[in-house]
Protein chains: 2
Amino acid sequence: MSNCRQCIIKRFNALKTLTNDELENISDHKTTLIIKKGENLMTEGNAINGMYCIRDGKGKLTKLNTNGKEQIIKFIKGGDILGHRSILSEELVGLNAIALEDMHVCFIPKGDILDTIKENTQFSLKLMKNISHQLNEANTSISQMAQKPVKDRLAETLLHLEEIFGVDNEACIDVILTREEIANTIGTATESAIRLLSNLKKDGVIDLIGKKIKISNKNALKNISEGY
Amino acid sequence: MSNCRQCIIKRFNALKTLTNDELENISDHKTTLIIKKGENLMTEGNAINGMYCIRDGKGKLTKLNTNGKEQIIKFIKGGDILGHRSILSEELVGLNAIALEDMHVCFIPKGDILDTIKENTQFSLKLMKNISHQLNEANTSISQMAQKPVKDRLAETLLHLEEIFGVDNEACIDVILTREEIANTIGTATESAIRLLSNLKKDGVIDLIGKKIKISNKNALKNISEGY
DNA sequence: TTATAAAAATGATAAAAATCATTTAATTTT
DNA sequence: AAAATTAAATGATTTTTATCATTTTTATAA
């Protein structure tokens with residue numbers, strides 16, 4: 001089992017503020033797990049007794065609506081932390097975390113997280129910064145969901161996906177999503193998402209190579225996302 | 001100028017964790033201000049150098065969309081704190097805070113907040129809890145905006161408004177909003193909001209008394225908000 | 001109080017988006 | 001590799017929601 005001190009993924013999150021002693025302690029208590037594609041790491045409505053740190057793999061955070069439809073709230077990848085929101089608010093988990101591909105994840109017990117918060121102000125501040133930033137993003141999302149038409153939201157989402165996951169060696173957005181998942185991200189019907197993707201392709205703004213999407217005219221896409 | 005130790009509004013927020021010494025210190029540094037109806041307490045995109053604690057008065061947190069439309073993200077009232085998200089994430093203010101009626105507000109400089117975070121773990125934890133809770137609410141909001149029809153969102157919003165602001169002596173929701181503001185909360189056109197309110201009245205679910213709204217059949221409204 | 005402006009209400013119409021139905025293509029399974 | 005399943009694409013249609021136009025009501029100012 002690997003040691004947290006050697007782990008380089010932590011430099012992307014609040015765990016980078018930990019002292020060597022704190023890291024040793026967490027190393028001793030952490031467990032590592034493999035989440036296979038399609039499996040749940042966290043489930044909405046459940047209690048949680050620790051925080052997850054994603055080592056690698058991509059995933060989605062979703063919410064199940066009353067009508068049974070999935071809403072994708074956020075995408076996750078290596079370096080992201082999960083579960084801290086629930087621990088800090090002392091509420092049940094609010095979102096499902098589902099692997100889009102096999103993931104390697106470390107689990108750190110709640111007690112260690114709370115102890116570290118009490119001892120290490122820098123860690124506290126980084127956690128707060130993380131959640132505060134997420135809150136700001138969520139507020140922006142609400143506004144866009146409420147006021148932008150579906151086409152604009154699709155453009156926005158494609159730009160966002162490229163920003164998060166980067167591009168592969170063929171310049172395609174480096175994540176594989178079904179059309180349904182894209183629809184569930186922008187909050188529309190699958191057929192509408194498919195149609196709008198086809199239109200963007202016809203207009204030369206994107207390229208569709210199987211399930212992969214390549215942004216071929218980023219400026220045009222930005223304009224569309226802003227309603228032009 | 002009043003003293004924070006005597007202030008009872010703080011029992012509704014993170015400031016209740018402060019020691020007497022900390023309260024004295026903040027009392028010395030705080031300023032009190034009156035925000036008249038319609039005025040801004042915070043403005044989107046601005047820097048902020050402190051945290052606000054609302055003593056009384058009601059307000060709205062809004063975001064201006066690219067098309068110039070206002071989206072109401074959240075309602076605020078006495079006991080709520082503002083600006084801490086921006087301080088903690090070290091980002092610009094994300095929302096406008098606008099008074100719906102005259103407000104009394106205290107301003108606490110950023111330095112005092114950050115000092116207190118470092119000294120008082122309970123205060124830190126309460127702040128984190130506050131933001132974590134807000135993040136959870138925001139995520140729920142995204143999901144509902146994306147997937148619920150306008151009618152359901154209106155029902156949801158009316159229930160939410162009653163929960164936040166309570167009712168007056170005539171059992172009306174105790175806040176005065178224009179139809180446009182209601183529309184900007186649920187993310188629809190003003191005319192649509194008006195029409196749906198009229199329908200709810202016709203169906204005997206609510207009562208419209210001038211600008212005041214009375215929920216006359218809460219169960220029916222709950223069912224509507226859940227899509228039945 | 002009357003004039004003026006702003007907000008609310010309502011009808012008619014247009015645009016956006018969802019749903020249903022079917023076909024085509026891509027994956028999986030046998 | 002063929003069959004079966006699932007996902008993607010596309011057309012036709014309906015539903016939802018927005019926009020435009022106008023009237024009525026309410027609030028504000030002269």
Side-chain angles (χ1 to χ4, degrees), chain A residues 36-38 65-72 100-101 144-158 172 175-203 206-213 224-225 227-228, chain B residues 36-38 65-72 100-101 144-158 172 175-203 206-214 224-225 227:
Chain A
K36 298 292 249 176
K37 179 178 174 174
N65 239 39
T66 27
N67 55 29
K69 257 195 164 183
E70 166 190 273
Q71 178 63 36
I72 297 181
L100 290 168
E101 51 186 50
Q144 294 185 347
M145 281 291 181
Q147 310 220 326
K148 281 190 177 180
V150 176
K151 188 181 179 184
D152 304 25
R153 297 197 320 255
L154 173 60
E156 179 83 37
T157 294
L158 293 177
C172 293
V175 65
I176 291 191
L177 297 171
T178 64
R179 299 296 192 248
E180 192 181 5
E181 284 171 325
I182 293 175
N184 292 348
T185 307
I186 65 184
T188 191
T190 306
E191 297 95 321
S192 300
I194 289 172
R195 258 182 263 270
L196 290 167
L197 281 170
S198 300
N199 290 348
L200 288 176
K201 180 182 180 172
K202 209 171 54 198
D203 296 345
I206 62 170
D207 224 346
L208 302 172
I209 303 153
K211 252 182 204 115
K212 286 267 181 170
I213 299 171
I224 292 167
S225 81
Y228 301 112
Chain B
K36 298 292 248 179
K37 179 178 174 174
N65 239 40
T66 28
N67 55 29
K69 257 195 162 182
E70 167 191 271
Q71 178 62 37
I72 297 182
L100 291 168
E101 51 186 50
Q144 294 185 347
M145 281 292 181
Q147 309 219 327
K148 281 190 177 179
V150 177
K151 188 182 180 185
D152 304 25
R153 302 204 306 262
L154 173 60
E156 178 83 37
T157 294
L158 294 177
C172 293
V175 65
I176 291 190
L177 297 171
T178 64
R179 298 296 191 248
E180 192 181 4
E181 285 171 323
I182 293 175
N184 292 348
T185 307
I186 64 184
T188 191
T190 306
E191 296 95 323
S192 299
I194 289 171
R195 259 182 262 270
L196 290 168
L197 282 170
S198 301
N199 291 347
L200 288 176
K201 180 182 181 173
K202 210 171 53 198
D203 296 345
I206 62 170
D207 224 348
L208 300 173
I209 302 151
K211 253 185 203 111
K212 286 265 182 174
I213 300 172
K214 170 152 63 178
I224 293 167
S225 81

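Numbered from 1 within each chain, the chains take letters A, B, ... in sequence-line order.
For the atom pair A/Leu208 CG and A/Lys201 NZ, the distance stands at 5.0 Å (nearest 0.5 Å). Here B/Ile186 contributes atom CD1 and B/Leu154 contributes atom CG; the two are 4.5 Å apart, rounded to the nearest 0.5 Å.
Where DNA chain D meets chain A (any atom under 4.0 Å from a heavy atom), the bounding nucleotides read 5' to 3' are D/dA7 to D/dA12.
Here B/Thr190 does not reach the OP1 or OP2 of C/dA8: none of its side-chain N or O atoms lies under 4.0 Å away. The phosphate of C/dA18 has OP1 or OP2 within less than 4.0 Å of a side-chain N or O from A/Ser192.
Whole-Å rounding puts the B/Glu191 CD to C/dA7 P distance at 13 Å. Between the CD atom of B/Glu180 and the P atom of C/dA9 there is a distance of 14 Å, given to the nearest Å. The distance between atom CD1 of B/Ile194 and atom C1' of C/dA7, rounded to the nearest whole Å, is 8 Å. Taking atom CD1 of A/Ile176 as the reference point, atom P of C/dA26 lies 14 Å away to the nearest angstrom. As a whole-Å value, the separation of A/Arg179 CZ from C/dT27 C1' is 15 Å. To the nearest angstrom, P of C/dA17 lies 14 Å from CG of A/Leu197. The NZ-C1' distance, from A/Lys69 to C/dA17, rounds to 11 Å in whole Å. Following rounding to the nearest Å, B/Leu208 (CG) and C/dA7 (P) show an atom-to-atom distance of 18 Å.
Listed here is the closest heavy atom pair of A/Glu156 and A/Lys148: OE1-NZ, 3.0 Å. For the residue pair B/Gln71 and B/Asn184, the shortest heavy atom distance occurs at NE2-O, 3.0 Å. Between A/Ala193 and A/Ala183 the shortest heavy-atom distance is CB-CB, 3.8 Å. In plain terms, the two heavy atoms of A/Glu181 and A/Leu100 that are nearest each other are OE2-CD2, 3.4 Å. Closest approach of A/Ile224 and A/Asp152 over heavy atoms only: O-CG, 3.3 Å. Of all heavy-atom pairs spanning A/Ala146 and B/Met145, the tightest one is CB-SD, 3.7 Å.
Stems are defined here as 3 or more consecutive Watson-Crick or G-U wobble pairs with pairing distances under 3.5 Å; those involving DNA chain D are C:1-30 with D:1-30.
Evaluated for a side-chain contact (heavy atoms from CB on, under 4.5 Å) with B/Cys172, the options B/Ile209, B/Asp207, B/Ile213 yield exactly one hit, B/Ile209.
Along DNA chain C, the nucleotide nearest A/Leu196 and the nucleotide nearest A/Lys211 are compared for position; the residue whose nucleotide lies closer to the 5' end is A/Leu196.
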